[in-house]
Structure formats: C-alpha cells, structure tokens
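Just the heavy atoms: all of them, side chains too, but no hydrogens, waters or symmetry mates, feed the values below. One is the number of the first residue; the rest follow in order along the sequence.
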Amino acid sequence: MDGGPSQVDTFDPKPRLAKENGRKIRLERLPATQFDDVGSVLASPWKFRRRGSSGLEVSDLFPEVGACADELCVVRSMTSKFSEHPGANMLLHTGHGQAGRPSLGAWLGYGLGRETDELPTYVVVHGGLVPPGGVEAFGAGFLPAGWQGSMLRPEGAGLPNLATDEVAARRRRKLDLLADLDAARDDRFGEDPEIAAAMANYELAFRMQSAVPELMDLGGESEATRRLYGLDAEYGPTKTYARQCLLARRLVERGVRFVELTCPDVGADRWDQHQGLERGHGDNARAVDRPIAGLLRDLRSRGLLDDTLVVWAGEFGRTPMAQGSSGRDHNPYGFSIWMAGGGVKAGHVHGATDDYGYFAVDGTMDVHDLHATMLHLLGFDHTKLAHRHGGRDMRLTDVHGRVVRGLLA
C-alpha cells in the first residue's frame, strides 16, 4: 500500500481526535514532520465499527476487509526508521534504507528453493505504480540474479515479447547451443555464477512462454469467483486490483513462493494524501477493499490460507494532525499493518499507539521484527538465513530483529 495509509483512518481508532478536532495537538514531544507543516488535530472522516466475533475495530473505509476481521492480526505499533518514501520503501522491502540489498522475496526464494520450474519464485503483479525507490525494491542484490522479482502486468499477455512466431523446437536448439558453449567456457576457465544465472533465466523464460498464457487466462474461473474479487466492478481501479488478487491466488496455486501486488493508479498519488485525505484515501480503499477480501475468502475456501501468509502494509503511517487543512503528513513513529493466515493469531490486535495515534507505546515493532516474524512463520530462523558477501555473513535482518511471539497462533 505504497504512500503510507493513515492508521487513524483505517485500523487504529482514536476518539481523542474527534474530541479535539481543530485544536492544537497537546503533545510535548512533537518531532519535525516531512514537510514541517503542522496543522491542528484532524478527526477521521470515517467511523470505526467492531467487526466479526472478535470485535476488531475497522473503519468504514474497509467494509469488505472489515467483514473478514476474524482472519486479521492487526499490528498497531509498527515503526520505521525513515520518514521519506524511498528509504522507507527500501527498508520495508530489503531491511535496509538504501538500494543494493536483496528483497524479502529474493531471500525467500533463495531459502525455500523452487516449487515450480514453470514460473519464477518471486512475482510482482504490477498494478500501475512502482514504489519510490524503484524496481531495486524487488531486486536480488548480492544473491544470485535468478531470485529477483519478475514484473507481471495484470492485463493482456502479462509480459512483453511473450509471443513469438519462432517454433519451440528452434528456440530449444538455440538454448542447447548456448548451454554447450557455456559448458566449454566453464571447462576452460571455471564456472561463472553470473553466466549460470543468465542461462537459468533464459531457460525459465522459455518455459514461461507456455506457462504465462495459461496463468493469465481467467476463462476457467467461475462467475461467482469473478464477482467475489470484483472483476464486475464499475470502478476501473477495482477491476485492476481484482485481477491482481485473483492472479496472486493462481500464482500461489502454481508454486510461486512470494507474490507482491503494487497499487493500482487511482490518480490520487497512491496513499500519500498531504491534501485531500477523504477523496484520496477513499479512492484507494475503494480500489483494494473488495479484491483483498475476495482473496482472503477464496484462499480460506480452497484450504490455502493456513499455508499462505498475507501481509497488508505501507512504508509508514500519517500524522494525527492536519497538513494544511485536509491532509496528513508522514509518520514513521507508529502505524498499522495487518497479517492473515500463515500461522498468525486471527482476530487479534497487537500493540498500541498513544491517544492521538502518533507514537507506538506498547508492543513496539520495527521492520526487522516484522521480517524476523515473517521468516519464522515461513519456517526460518532469521539469524541463520544468510549469504556470504563482502567478507561476512549477510542476512535480511542484519544484526537486528526478534520474532514477536504474540502474533503467532
């Protein structure tokens, strides 16, 4: 959810904002904001309601996801080290604020290995907006190049240059010739890991020319499934994200280890509403609410949710006071994410922010803790998933991170 969804408008209700709406915020410790434009306290335009048997509070921005509240494990005490988009996005994806490190998806492929030879282990279903920080957020860094994220568009063929007039047998002979030439080179000079990775990618691309058209063809999906995700919605971005979510389920079924969905373009500068909060957050939520709920329900009905970890997150949150008159500035000090399935505690809230929703004050988690917990849920000790680089063992969580046991079922 690139841009930074507001925690106090989504999953962290703060009645104090309504009581003090329009007044100066009464916090002694008030850090400088990204744009240093601190307005008065801004109440949420949306009501919060208790949902499901768990009574988990979700705002009216997400009626469909709210109906799935009993599947959610909401973390209200996330923090980030960065208050600007590129650094915070890189931290969320790679555990480091600068480009060059492997992304979480690359680490998982490296650690888990391939479950399918027909598709990449890590697929980014690109809805229209690449997060600030660029495609490096999906990179393999110092891991072998074959573990990097592959970008897939949700419409059309999915990939450029997928179709070819050349018969498969001829393409197969070309790849075999390249393999023979590389083997001769390796016999003489020793194996080059970069050449080996390139050849592996060539072979995967050859197989994807058959696998991707079948993946992209939704003709076999029932009308009920298409309605569940929102493929029949009138709002175009909802249709786009519905297709992304449905493709995510199909990718998981076909053995892809890690799938990331980027935001559809709603013309509202992602979730980054420095002005026009009500319109911008409203349009973004309208685009993703029904498709996300459809994905959760579909995974559950197919018996896949217990083995699939779903994570909803932005790179940081928003301030409880206005920027200008109708927006919110960046807030890395306390924000909300949620997880579902994959062994997390369902219908549960972890941690808390202060009465304004500004600072995490209980159960505080940073991105390294999130990564350590995700890796644990997927079968890893985060201190042992390492790769030797630059003279030392490198890992996603570096020298940080702890498994947050309170999130585990």
Mind listing the closest non-hydrogen atom pair of [X] and [Y] along with its distance?
| X | Y | result |
| --- | --- | --- |
| Leu42 | Leu17 | O-CD1, 3.8 Å |
| Gly357 | Val8 | CA-CG1, 3.9 Å |
| Ser103 | Ala137 | CB-O, 3.1 Å |
| Val344 | Cys73 | CG2-CB, 3.9 Å |
| Phe82 | Ala88 | CB-N, 3.6 Å |
| Thr238 | Ala233 | CG2-CB, 3.6 Å |

Any donor and acceptor pair, going by atom type alone, linking the side chain of [X] with main-chain N or O of [Y] inside 3.5 Å?
| X | Y | value |
| --- | --- | --- |
| Thr262 | Gly127 | yes |
| Asn331 | Gly334 | yes |
| Asp362 | Ala352 | no |
| Lys14 | Pro320 | no |
| Thr364 | Ser77 | no |
| Thr308 | Leu304 | yes |
| Tyr356 | Thr319 | no |
| Ser80 | Val367 | no |

### Task
Take Trp312 and Phe11, measure what ring pair (Phe, Tyr, Trp, His ring centres under 6.0 Å) needs, and give me the verdict at the end.
CA-CA 11 Å; Trp312 184 96; Phe11 296 97; 5.2 Å; yes
### With Lys81 via side-chain hydrogen bond (donor to acceptor under 3.5 Å, both in side chains) - residues at least two apart
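For Lys81, the residues satisfying side-chain hydrogen bond (donor to acceptor under 3.5 Å, both in side chains) (neighbours in sequence not counted) are His368.
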List for me each residue that meets salt bridge (charged side-chain N to carboxylate O under 4.0 Å, His left out) alongside [X], sequence neighbours excluded, and say none if there are none.
| X | answer |
| --- | --- |
| Asp366 | none |
| Arg76 | none |
| Arg402 | Asp369 |

What distance separates [X] [atom1] from [Y] [atom2], expressed to the nearest 0.5 Å?
| X | Y | atom1 | atom2 | value |
| --- | --- | --- | --- | --- |
| Glu71 | Trp338 | CD | CH2 | 9.5 Å |
| Arg254 | Leu247 | CZ | CG | 9.0 Å |
| His348 | Met339 | NE2 | CE | 9.5 Å |
| Arg243 | Arg250 | CZ | CZ | 8.5 Å |
| Leu72 | Ile337 | CG | CD1 | 11.5 Å |
| Leu104 | Thr94 | CG | OG1 | 9.5 Å |

### Task
Under the side chain to side chain contact (heavy atoms under 4.5 Å, CB included) rule, collect the residues that match up with Thr121, sequence neighbours excluded.
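Checked Thr121 against side chain to side chain contact (heavy atoms under 4.5 Å, CB included); matches are Arg114, Trp147, Arg257.
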### Residues in side chain to side chain contact (heavy atoms under 4.5 Å, CB included) contact with Ala211, at least two apart in sequence or another chain
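Per chain and number, Ala211 pairs via side chain to side chain contact (heavy atoms under 4.5 Å, CB included) with Glu118, Leu119.
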### Task
Using a cut-off of 6.0 Å, state whether more than 12 heavy atoms not belonging to Gln98 lie near its atom CD.
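For Gln98, atom CD is not crowded (no more than 12 foreign heavy atoms under 6.0 Å).
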For [range], which residue pairs pass the salt bridge (Lys or Arg N to Asp or Glu O under 4.0 Å) check, not counting sequence neighbours?
| range | value |
| --- | --- |
| residues 231-240 | Asp232-Arg290 |
| residues 53-67 | Arg49-Asp60, Arg50-Glu57, Arg51-Asp60, Glu64-Arg297 |
| residues 314-343 | Asp9-Arg328, Asp272-Arg318 |
| residues 372-392 | Arg388-Asp393, Arg392-Asp398 |

### Task
For Met374 and Leu370, run side-chain contact (heavy atoms from CB on, under 4.5 Å): C-alpha distance rounded to whole Å, both residues' side-chain angles, the deciding distance at 0.1 Å, then the answer.
CA-CA 6 Å; Met374 291 174 68; Leu370 174 64; 3.9 Å; yes
### Results of ring-ring contact (aromatic ring centres under 6.0 Å, His included) for Phe48 - residues two or more places apart only
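Residues passing ring-ring contact (aromatic ring centres under 6.0 Å, His included) with Phe48: none at all.
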### Task
Using the test ring-ring contact (aromatic ring centres under 6.0 Å, His included), find all partners of Phe316 that sit at least two apart in sequence or belong to another chain.
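Residues passing ring-ring contact (aromatic ring centres under 6.0 Å, His included) with Phe316: His85, His330.
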### Query
Relative to each other, are the rings of Phe142 and His387 parallel, tilted or perpendicular (30° and 60° limits)?
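Parallel: the ring planes of Phe142 and His387 meet at under 30°.
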### Task
Mind telling me whether Tyr110 and Trp107 have parallel, tilted or perpendicular rings, with 30° and 60° as the class edges?
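Trp107 vs Tyr110 ring planes: perpendicular.
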### Query
Does Asp306 come within less than 4.0 Å of Arg300, counting only side-chain N to carboxylate O?
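Here Asp306 pairs with Arg300 in a salt bridge, since their nearest N and O are under 4.0 Å apart.
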